[in-house]
Amino acid sequence: MTNENQQTTPLQDENQLIAERREKLSKLREQGVAFPNDFDRKDMAGDLHATHDAKEKEALEADKVEVAIAGRMMLKRVMGKASFATIQDMSGRIQLYISNDIAGMETHDAFKHWDMGDIIGARGTLFKTKTGELTVQVSELKLLTKSLRPLPEKFHGLTDQEQKYRQRYLGLITSEETRNTFMARSKIIQTIRDFLVERGYLEVETPMMHPIPGGASAKPFTTHHNALDMELFLRIAPELYLKRLVVGGFEKVFEINRNFRNEGLSTRHNPEFTMIEFYEAYRDYRYMMDLTEEMFRETAKAVLGHAVVQYQGHTINLAQPFDRLTITQAIHKYHPKRYSDEQLGDRVFLKAELEKMGGNQHPTDGIGGLQLALFEETTEQLLIQPTFIIDYPAEVSPLARSNDANPGITERFELFIVGREIANGFSELNDPEDQSDRFMAQVRQKEAGDAEAMHYDADYIRALEFGLPPTAGEGIGIDRLVMLLTDSPSIRDVILFPQMRLED
RNA sequence: GGGUUGUUAGCUCAGCUGGUAGAGCAGCGGACUCUUAAUCCGUAGGUCGACAGUUCGAAUCUGUCACAGCCCA
């Protein structure tokens with residue numbers, strides 16, 4: 001790939017509307033400072049509504065409340081000798097009233113030529129219109145930033161999905177729903193951070209560039225460090241670094257940050273996405289499931305006010321205890337009497353069944369892997385209410401601690417909601433020799449052609465050899481959690497700037 | 001990667017079985033001192049995603065490509 005696709009020249013999409021606004025800007029430049037930065041904004045629309053909406057018209061006007069407010073002009077209604085405008089700031093909208101009487105004819109005439117989308121500052125006093133709407137009677141008005149491009153249509157807003165994602169600022173300007181989604185995202189992350197900090201967790205940052213990609217089964221992005229002449233990988237997971245910190249004595253750690261996986265795009269996948277991973281020493285996977293339920297409930301309550309979530313026509317109840325089922329229990333529960341225990345324990349039967357369904361199976365799959373594949377084909381998408389699937393086969397869980405009674409399975413869970421995996425956790429494998437054997441098995445799989453199999457990480461083994469206390473850990477896909485709590489159908493609706501193809 | 005739908009004015013959308021482009025908003029000019037997507041009158045604005053093909057004639061039919069949405073892997 002060359003750099004010829006990169007845009008180094010301005011977009012050539014001038015039109016008559018933009019030309020007219022450029023002409024207005026050029027007149028502003030002639031008159032003085034075209035982009036003044038000396039307006040002292042003192043008030044926010046939302047605060048003014050909160051403080052004064054309930055007051056009676058007469059009482060409010062007797063108070064003569066002086067305000068200084070600024071924002072983007074979203075609506076404009078000119079009526080000869082007086083005008084109304086609606087401006088929008090980060091907290092909301094408020095109406096301005098500009099008249100020849102108070103603001104003066106010169107100011108009002110100038111205002112008439114301003115455009116929707118312009119950013120203006122206004123000083124004046126609050127009053128209520130005859131319909132009772134809180135409004136600023138403007139005495140001074142200043143154009144702070146000329147907008148050269150017309151906004152999307154004022155009533156329908158931006159409906160073009162592509163433009164919504166490529167030019168996110170337009171959606172943020174015109175869609176309250178979009179603003180609310182990203183404010184909810186911030187609140188969700190803040191709540192989770194507080195939840196863990198309150199419980200004695202330490203927030204840390206570990207490398208985004210890894211010499212060995214590890215901690216998950218996925219294809220990495222590759223990059224190169226020139227000075228060290230060294231191949232590096234954008235991380236696919238922070239797991240192995242966070243557990244090194246537990247070895248170091250940070251017994252409760254978490255990190256909220258980006259992971260990168262070089263895979264396809266879909267309504268559930270973006271190449272960079274946000275995960276929280278957290279680790280706590282002297283706990284096991286059952287404790288982690290309890291903690292997860294509590295965290296999800298608390299987060300939903302913080303964002304929505306309650307723990308019953310509406311998602312795309314489903315009612316998801318986070319208030320009740322989450323189901324906890326093994327893979328075969330889940331298959332039985334959602335397909336009663338479809339399979340016998342003998343069949344689910346019969347490799348030949350499972351392979352034949354998967355063949356019928358066209359499922360992708362690896363020839364090396366053991367019984368556990370085949371059961372998992374059958375679960376994914378038949379049951380996963382039916383797990384609408386929050387459900388922990390527990391006790392995953394060791395062959396697909398190379399970093400999880402084995403069950404003491406049955407080493408073929410691990411103390412691991414995945415949480416499913418609305419048929420989607422949203423979290424993954426386990427009792428950590430802290431036996432360095434077992435971990436070394438598991439890495440070796442992964443390397444054999446990689447050599448057999450599995451591009452997503454893990455590498456052998458000798459430094460991580462060395463860390464385990466110093467002693468990782470018994471620990472439980474978990475990762476939660478933040479984007480998918482935000483989708484759930486904001487009723488968003490696509491991951492692109494909850495990532496401010498989702499990955500897109502280059503524009504032509 | 002496969003299937004499917006879409007791409008027309010700055011924005012939101014019409015445009016019939018093929019006859020050469022329309023509305024609303026935004027803009028510009030005018031009227032209007034309590035509007036709420038203000039209203040009313042006038043006016044300007046387009047390589048119909050790109051390239052081929054069929055045809056006397058293509059926004060419309062066919063093919064390829066680009067981008068996007070949805071479904072599937």
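Excluded from the calculations below are hydrogen atoms, water molecules and symmetry mates; all remaining heavy atoms, backbone and side chain alike, are included. So that the names make sense, note that chain A is the first sequence line, chain B the second, and so on, each numbered from 1.
Look at CE on A/Met500: it is 9 Å from C1' on B/rC67, rounded to the nearest Å. Across the protein-nucleic acid pair, A/Ile102 atom CD1 and B/rC34 atom C1' stand 14 Å apart, rounded to whole Å. We find that NE2 of A/His108 is positioned 15 Å from P of B/rU35, with the value rounded to whole Å. Atom CE of A/Met74 and atom C1' of B/rU36 are 14 Å apart (whole Å). Put simply, CD on A/Gln163 is 14 Å from C1' on B/rG49, counting in whole angstrom units. Between the P atom of B/rA73 and the CG atom of A/Leu354 lies a distance of 14 Å, rounded to the nearest Å. In this structure, A/Leu158 atom CG and B/rC13 atom P are separated by 10 Å, rounded to whole Å. As rounded to whole Å, 10 Å separates atom P of B/rU35 from atom CD of A/Gln95.
For A/Lys24 and A/Asp115, the salt-bridge test passes: some basic side-chain N is under 4.0 Å from an acidic carboxylate O.
Remark: RNA chain B takes part in the stems B:1-7 with B:66-72, B:10-13 with B:22-25, B:27-31 with B:39-43, B:49-53 with B:61-65, each of 3 or more antiparallel Watson-Crick or G-U pairs, criterion distances under 3.5 Å.
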Please write out each protein N/O paired with an N/O of nucleotides 5-8 of chain B under 3.5 Å, distance rounded to 0.1 Å.
none

Could you go through nucleotides 38-42 of chain B and list every protein N or O atom that sits under 3.5 Å from one of its N or O atoms, giving the distance for each pair?
unit_1: B/rA38; atom_1: OP1; unit_2: A/Lys154; atom_2: NZ; d: 2.3
unit_1: B/rA38; atom_1: OP2; unit_2: A/Arg77; atom_2: NH1; d: 2.9
unit_1: B/rA38; atom_1: N6; unit_2: A/Val78; atom_2: O; d: 2.9

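The structure places CE of A/Met74 at 11.5 Å from CG of A/Asp89, a figure rounded to the nearest 0.5 Å. Of the inter-residue distances, the one linking A/Arg22 atom CZ with A/Arg29 atom CZ reads 9.0 Å to the nearest 0.5 angstrom. Of the inter-residue distances, the one linking A/Gln343 atom CD with A/Glu353 atom CD reads 7.5 Å to the nearest 0.5 angstrom. Note: A/Thr86 OG1 to A/Leu96 CG = 7.5 Å, rounded to the nearest 0.5 Å.
Only the C1' atoms considered, B/rG15 is 8 Å distant from B/rA59, to the nearest whole Å. The same atom, P, is picked in B/rU55 and in B/rC13; the two are 37 Å apart, to the nearest Å. A distance of about 22 Å separates the C1' atoms of B/rG19 and B/rA52, rounded to the whole Å. Atom C1' of B/rU60 sits at a distance of 14 Å from the matching atom of B/rU7, rounded to the whole Å.
Counting atom types as modelled, A/Asp101 pairs a side-chain N or O with a base atom of B/rU33 as donor and acceptor under 3.5 Å. Under 3.5 Å, the side chain of A/Tyr97 and the base of B/rU35 form no donor-acceptor pair of N or O atoms. You'll find a donor-acceptor pair under 3.5 Å spanning the side chain of A/Thr129 and the base of B/rU35, going by distance alone.
The closest side-chain donor-acceptor pair between A/Glu474 and A/Thr292 falls under 3.5 angstrom.
A close approach under 4.0 Å does not occur between any side-chain nitrogen or oxygen of A/Lys130 and OP1 or OP2 of B/rC34. Contact annotation: A/Thr131 side-chain N/O to B/rU35 OP1/OP2 distance is not under 4.0 Å. Contact annotation: A/Ser99 side-chain N/O to B/rU33 OP1/OP2 distance is not under 4.0 Å. Using a 4.0 Å cut-off, some side-chain N or O of A/Arg492 falls inside it from OP1 or OP2 of B/rG69.
Judged by the 6.0 Å distance and 45° axis criteria, A/Lys219 is not positioned over the aromatic ring of A/Phe260. Cation-pi geometry between A/Arg168 and A/Phe497 is not satisfied (NZ or CZ under 6.0 Å from the ring centre, within 45° of the ring normal).
Both A/Lys57 and A/Pro150 sit near RNA chain B, but only A/Pro150 has its closest nucleotide nearer the 5' end.
Looking at A/Lys128, its side chain never comes within 3.5 Å of a backbone N or O of A/Glu58 through a donor-acceptor pair.
Using a 4.5 Å heavy-atom cutoff, the side chains of A/Thr274 and A/Asn257 are not in contact.
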